[in-house]
Amino acid sequence: MNIFSKNLKVRNRFLLALLLFFIGIIFFLSGIGETGLIDETPPLFASAGKAMSQSGDWITPKVNGILRFDKPPFYYWLMAIIYSIPGNQSWDQLGSLSARLPSALASLSLFLILGDTILHHHKKSKYKSYLALVGSLGFALSPLVIIWSRTAVSDSLLCGTIGISLLLFWRKFFENNSRNCIFPWIVLSLAILTKGPVAAVIVMLTLAIFLSTQDDRKRLLLKIKPLQGTLITFLVSTPWYLIVFLKEGQSFLDSFFGYHNLQRYTSVVNNHAEPWWFYLFIMIIGSLPFSIFLFHGIFETIKEFIAGTREDSKFQNSLYLFALCWLLAVLLFFSISATKLPSYWLPATPAAAILIAKSAQMLINRQKNSSIVWFFTTLILLGVSFALSMSNNWLVLINDPEMPNLLNAIIEDRLLLKARIFIFTLTILSAFFTLKFIPKSIVLLQILFLFGQFFIMNPIRNITDNLRQAPIRQISQKIKYLRKSSEPLAMIGIRKPSLHFYSQQIVFYESNSRIGIINLSERFEKDKRNNLIDNPNYDSESFLVVIDRYSFSKEHWKNIKRQELGVYGIYSLIRVNRIDLNKYASNFQKEGLKSDWNVEKFERF
């Protein structure tokens with residue numbers, strides 16, 4: 001009987017993993033290479049990864065001939081490995097599949113481990129598979145996860161490594177064996193190699209808060225072997241930092257630790273200032289339309305903790321309490337930060353998903369509570385439906401200078417009609433669950449919401465790619481064809497790193513001001529750089545310029561002598577003689593203007 005029961009548990013675990021794997025493959029991986037990279041950060045990551053693959057230098061990240069210490073190398077390494085696969089360009093012509101795959105695989109891995117962990121937590125419950133499915137889908141369907149799991153930046157990889165590390169730590173706390181605690185610390189090391197010391201702070205803060213809630217905290221702490229684990233983490237994560245410091249010296253310390261870590265945390269960078277309650281708002285947005293379930297899960301977990309149920313059964317509610325501590329750690333740490341971005345909340349989304357599963361558990365046999373939760377969920381969906389029904393009043397306010405035809409594209413694709421139908425259907429279903437008690441109703445709404453992503457998100461991605469990014473890819477191909485004598489290439493006004501990625505040429509980015517002309521003139525003489533693929537001829541008599549229509553309307557650019565080579569969307573490709581550029585720069589200098597390219601760092605990556 002015990003053998004039969006054990007085999008049945010293994011079979012159930014395997015079937016759930018197979019189901020989640022099938023859902024995850026479709027949800028996270030389908031179509032991730034069908035559209036190009038979206039400016040401006042993803043092409044910077046992709047360029048660094050591709051440069052590593054091409055140059056063979058897997059230590060120092062470089063973009064556009066410039067050192068890039070924005071992030072540690074783990075994401076770059078993963079991209080570089082994929083770019084290095086023979087025949088990569090034949091099956092990844094846009095370069096976006098290779099760039100996005102690490103994000104998608106990180107989210108998929110966390111999606112699977114999250115479901116298995118919840119299943120393990122409820123191994124004695126007949127609802128274990130249902131709760132595991134709810135938790136996994138709660139993570140995958142977060143609007144933040146939907147966006148960033150298909151974006152070629154390190155945020156999803158950070159979320160995946162932190163999430164897996166913390167889930168493995170929780171398992172170690174409550175498993176009944178004395179095996180070494182190695183894997184959580186190794187995964188933590190990878191998180192540190194993904195985004196730096198912030199990963200260690202979030203994990204350690206979560207563990208500290210959780211252990212403070214436990215009566216046997218010393219025993220639990222010894223189970224994760226902190227001294228051995230710290231040594232493992234140090235040995236895995238530190239060598240790259242040490243090698244780069246020895247190679248690049250103070251510039252690495254100033255850029256990575258000084259600007260991208262310390263300065264971002266203690267002062268506002270790139271105008272990303274938000275109020276202290278910003279992440280409370282993002283918590284709501286990041287769990288829509290299941291935010292009410294999240295708050296219900298938080299409420300039930302706090303109530304059980306206060307009631308002291310952990311003394312009766314330390315394991316029964318430990319995962320939910322652990323998730324609450326995890327959520328609190330991210331909330332506290334990033335709320336204190338001066339620079340605030342929505343993506344900073346991403347490491348909290350697995351914890352939020354676990355708490356949504358807690359709500360689902362509590363509502364299985366509670367009809368009254370279920371009606372209340374569904375009532376407020378219906379109100380949220382009703383509000384979204386009302387906003388969409390009034391779209392004729394606010395649609396005209398959409399004004400993206402990079403996509404002037406966006407409004408027409410939305411109308412032609414009937415995108416708003418699709419969104420109205422989708423949200424209205426969710427609203428009706430939610431209202432039905434308010435009136436009719438169905439124990440496992442949340443998973444039905446999740447499944448509908450899952451299918452809706454392909455109904456709504458794919459057209460949004462295609463419209464954005466066609467209007468915003470396709471012109472840059474077209475102009476990049478034109479540059480390869482028209483460039484003569486390896487003349488330098490500049491981009492004026494709107495900065496598009498994808499121009500460098502797709503043209504594979506050094507690009508001098510400058511503002512559209514008169515000082516920008518002075519900067520450009522000086523940089524061709526003093527800022528000469530190259531890479532393995534491109535070695536510009538800085539003695540060339542001419543240079544190519546990609547300039548947006550708004551910058552082109554500036555008098556000094558409108559009047560400069562030029563050869564017009566083509567128009568692509570809002571961008572024009574022109575050829576300018578160096579003599580004419582230098583003449584304009586000299587005249588502006590006589591008016592008292594001075595270059596600032598060494599101070600302003602328009603290309604500070």
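Heavy-atom basis, side chains included; hydrogens, waters and symmetry copies ignored.
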Worksheet item: Under a 4.5 Å cut-off applied to non-hydrogen side-chain atoms, are Ile506 and Leu489 in contact?
Response: no

Worksheet entry | Exam field: side chain Ser391 to backbone Ala387, donor-acceptor pair closer than 3.5 Å | no

Practice prompt. Determine whether more than 12 heavy atoms belonging to other residues, nucleotides or ligands lie under 6.0 Å from atom CD of Glu40.
Written response: yes

Discussion item. Parallel, tilted or perpendicular: which one describes the rings of Tyr279 and Trp345, with boundaries at 30° and 60°?
Written reply: parallel

Worksheet item: Side chains of Lys418 and Ile456: closer than 4.5 Å at any heavy-atom pair?
Response: yes

Worksheet, complete the sentence: For Val567 and Ser572, the nearest pair of non-hydrogen atoms, with its separation, is CG2-OG, 3.8 Å

Worksheet item: Does the side chain of Ser430 pick up a donor-acceptor pair with the side chain of Thr377 at under 3.5 Å?
Response: no

Fill in: Test item: Leu406 and Asn399 side chains (from C-beta on) under 4.5 Å apart, heavy atoms
no

Fill in: Face-on cation placement of Lys71 at Phe45 ring, 6.0 Å and 45° thresholds
no

Item to complete: Report, as yes or no, whether the 6.0 Å neighbourhood of atom CZ on Phe424 holds more than 12 heavy atoms from other residues, nucleotides or ligands.
Response: no

Discussion item. Under the side chain to side chain contact (heavy atoms under 4.5 Å, CB included) test against Val203, which residue among Val198, Ile162, Val187, Thr233 passes?
Written reply: Ile162

Fill in: Residues Arg473, Asp465; criterion salt bridge (charged side-chain N to carboxylate O under 4.0 Å, His left out); working and verdict
CA-CA 10 Å; Arg473 296 197 296 272; Asp465 182 63; 2.8 Å; yes

Practice prompt. Mark yes when over 12 heavy atoms from residues, nucleotides or ligands other than Tyr568 sit less than 6.0 Å from its OH; otherwise mark no.
Written response: yes

Worksheet item: Who pairs with Tyr571 by ring-ring contact (aromatic ring centres under 6.0 Å, His included), at least two apart in sequence or on another chain?
Response: none

Worksheet item: Is Asp39 salt-bridged to Arg495, going by a charged N under 4.0 Å from an acidic O?
Response: no

Worksheet item: Given side chains that start at C-beta, do those of Gln505 and Ile479 come closer than 4.5 Å, heavy atoms only?
Response: yes

Discussion item. Can you tell me if Trp91 has over 12 outside heavy atoms packed within less than 6.0 Å of its CH2?
Written reply: yes

Worksheet entry | Test item: Ile32 and Ser96 side chains (from C-beta on) under 4.5 Å apart, heavy atoms | no

Practice prompt. Give a yes or no on whether a salt bridge exists between Lys62 and Asp57, defined as a side-chain N under 4.0 angstrom from a carboxylate O.
Written response: no

Discussion item. Pro102: which residues meet the side chain to side chain contact (heavy atoms under 4.5 Å, CB included) condition with it, sequence neighbours left out?
Written reply: Tyr75, Leu78, Met79, Ile82

Discussion item. If we count only N and O atoms by modelled type, under 3.5 Å, do the side chains of Ser98 and Asn88 hold a donor and an acceptor together?
Written reply: yes

Worksheet entry | Main-chain N/O of Ile192 paired with Lys195 side-chain donor or acceptor, under 3.5 Å | no

Discussion item. Taking the cut-offs as 6.0 angstrom to the six-membered ring centre and 45 degrees off its axis, would you call Arg68 and Tyr76 a cation-pi pair?
Written reply: no

Worksheet item: Do Thr206 and Phe169 pass the side-chain contact (heavy atoms from CB on, under 4.5 Å) test, and can you show the C-alpha distance, the side-chain angles, and the key distance before you say yes or no?
Response: CA-CA 10 Å; Thr206 300; Phe169 273 123; over 6 Å; no

Discussion item. Using the side chain to side chain contact (heavy atoms under 4.5 Å, CB included) definition, which of the options Ile472, Leu37, Leu44, Asn64 pairs with Pro497?
Written reply: Leu44

Worksheet item: With a 4.5 Å heavy-atom cut-off, do Leu101 and Leu29 have their side chains touching?
Response: yes

Discussion item. Between Asn462 and Asn458 (side chain of the first, backbone of the second, donor and acceptor by atom type, cut-off under 3.5 Å), is there such a pair?
Written reply: yes

Worksheet entry | Test item: Trp276 side-chain N/O and Ile336 main-chain N/O as donor-acceptor pair under 3.5 Å | no

Worksheet item: Distance under 6.0 Å and angle within 45° of the ring axis: does Lys50 meet both against Tyr83?
Response: yes

Discussion item. What I want to find out is whether Lys496 reaches Asp548 closely enough, with some N-O distance under 4.0 Å, to be called a salt bridge.
Written reply: no

Worksheet item: Taking the six-membered ring for Trp, are the ring centroids of Tyr344 and Trp148 within less than 6.0 Å of each other?
Response: no

Item to complete: Verify the neighbour count for atom CD of Gln453: are there more than 12 heavy atoms of other residues, nucleotides or ligands below 6.0 Å?
Response: yes

Worksheet item: What are the two closest heavy atoms between Thr151 and Ile147, and how far apart are they?
Response: OG1-O, 2.7 Å

Worksheet item: Within the side chain of Asp400, is there an N or O that forms a donor-acceptor pair under 3.5 Å with the backbone of Glu402?
Response: yes

Item to complete: Would you check if there is a donor-acceptor pair between the side chains of Ser498 and Arg468 at a distance under 3.5 Å?
Response: no

Item to complete: Hey, can you tell me if Trp326 and Phe322 have their rings parallel, tilted or perpendicular (30° and 60° cut-offs)?
Response: perpendicular

Worksheet entry | Heavy-atom neighbours of Phe455 CZ exceed 12 at 6.0 Å | yes

Item to complete: Would you name the heavy atoms of Phe449 and Ile146 that are closest together and state the gap between them?
Response: CE2-CD1, 4.4 Å

Worksheet item: Between Leu188 and Met204, does a side-chain contact (heavy atoms from CB on, under 4.5 Å) hold up when you go through it step by step?
Response: CA-CA 10 Å; Leu188 173 58; Met204 293 300 107; 3.9 Å; yes

Practice prompt. May I ask you to decide if Pro184's main-chain N or O and Ser165's side chain share a donor-acceptor pair within less than 3.5 Å?
Written response: yes

Practice prompt. Dump the intermediate steps for side-chain contact (heavy atoms from CB on, under 4.5 Å) on Val545 and Met491, then the final yes or no.
Written response: CA-CA 6 Å; Val545 177; Met491 187 171 197; over 6 Å; no

Worksheet item: Just by distance, do the side chain of Ser156 and the backbone of Ser149 share a donor-acceptor pair under 3.5 Å?
Response: yes

Discussion item. Ring pair (Phe, Tyr, Trp, His ring centres under 6.0 Å), that's the test. Do Phe139 and Phe111 meet it? Break it down for me.
Written reply: CA-CA 7 Å; Phe139 166 71; Phe111 176 75; 7.1 Å; no

Discussion item. If we ignore hydrogens and angles and just use 3.5 Å, is the side chain of Asp92 paired with the main-chain N or O of Gly95 as donor and acceptor?
Written reply: yes

Discussion item. Counting only heavy atoms not in Phe281 (residues, nucleotides, ligands), do more than 12 fall under 6.0 Å from its CZ?
Written reply: no

Worksheet item: So, for Gln54 and Ile533, which heavy atoms are closest and what is the spacing to 0.1 Å?
Response: OE1-CG1, 3.4 Å

Item to complete: Quick one: do Ser385 and Thr427 satisfy side chain to side chain donor-acceptor pair (under 3.5 Å)? Show the steps, please.
Response: CA-CA 8 Å; Ser385 295; Thr427 305; 3.1 Å; yes

Discussion item. Apply side-chain contact (heavy atoms from CB on, under 4.5 Å) to residues Val63 and Phe501 and explain how you reach the verdict.
Written reply: CA-CA 9 Å; Val63 174; Phe501 179 80; over 6 Å; no

Discussion item. For the residue pair Ser142 / Thr349, report whether a side-chain donor-acceptor contact shorter than 3.5 Å exists.
Written reply: no

Item to complete: Spell out, as yes or no, whether a donor-acceptor pair under 3.5 Å connects the side chain of Ser90 to the backbone of Gly87.
Response: yes

Item to complete: Mark yes or no for whether Lys358, through its side chain, and Leu319, through its backbone, hold a donor-acceptor pair below 3.5 Å.
Response: no

